[in-house]
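Counting convention: from 1, in listed order, for ligands and their atoms alike.
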Amino acid sequence: MSQKVYQGEEIEVYFDAEKCIHSGICVKGMPEVFDLKKRPWVNTSGTSADKITAHIDICPSGALTYKWHTRPADNEIEEE
Ligand code: SF4
């Protein structure tokens with residue numbers, strides 16, 4: 001498994017290189033966060049966590065995913 005984790009204050013971002021189809025959507029659309037010339041290449045403080053998670057949601061392969069530290073996961077929200 002080749003998944004890497006990038007820690008941020010509000011979120012942690014996961015990247016699975018085996019799933020990436022190299023569309024370039026992440027680096028072209030949000031270079032302040034996703035920059036292959038930098039190490040680490042994911043800067044979780046490059047913009048707001050809301051913007052980063054919205055951009056990760058359009059990754060076509062599912063290679064990029066995230067987990068909130070500050071919000072419950074969907075499966076942790078109980079229905080009333
Ligand atoms: S958007 Fe997703 S599939 Fe495209 S390059 Fe980035 S990680 Fe890979």
(message) If you compare all heavy atoms of Gly62 against all heavy atoms of Thr65, which two are closest, and at what distance to 0.1 Å?
(response) O-CG2, 3.7 Å
(message) Which Ile, Leu, Val, Met, Phe, Trp or Tyr residues join Val27 in one cluster when any pair of side-chain heavy atoms under 4.5 Å counts as a link?
(response) Tyr6, Ile11, Val13, Phe15, Met30, Val33, Phe34, Leu36, Trp41, Val42, Ile52, Ile56, Leu64, Tyr66, Trp68
(message) Using only atom types and a distance under 3.5 Å, with no angle test, would you say the side chain of Thr44 pairs donor to acceptor with the backbone of Gln7?
(response) yes
(message) With a 4.5 Å cut-off on side-chain heavy atoms, are Lys67 and Glu12 touching?
(response) yes
(message) Quick check: do Ile25 and His55 have side-chain heavy atoms less than 4.5 Å from each other?
(response) yes
(message) Distance check, rounded to the nearest 0.5 Å: Ser2 atom OG versus Lys19 atom NZ?
(response) 9.5 Å
(request) Could you please provide the protein residues found below 4.0 Å of ligand 1 on a heavy-atom basis, arranged by chain and number? (result) Phe15, Cys20, Ile21, His22, Ser23, Gly24, Ile25, Cys26, Cys59, Pro60, Ser61, Ala63, Leu64
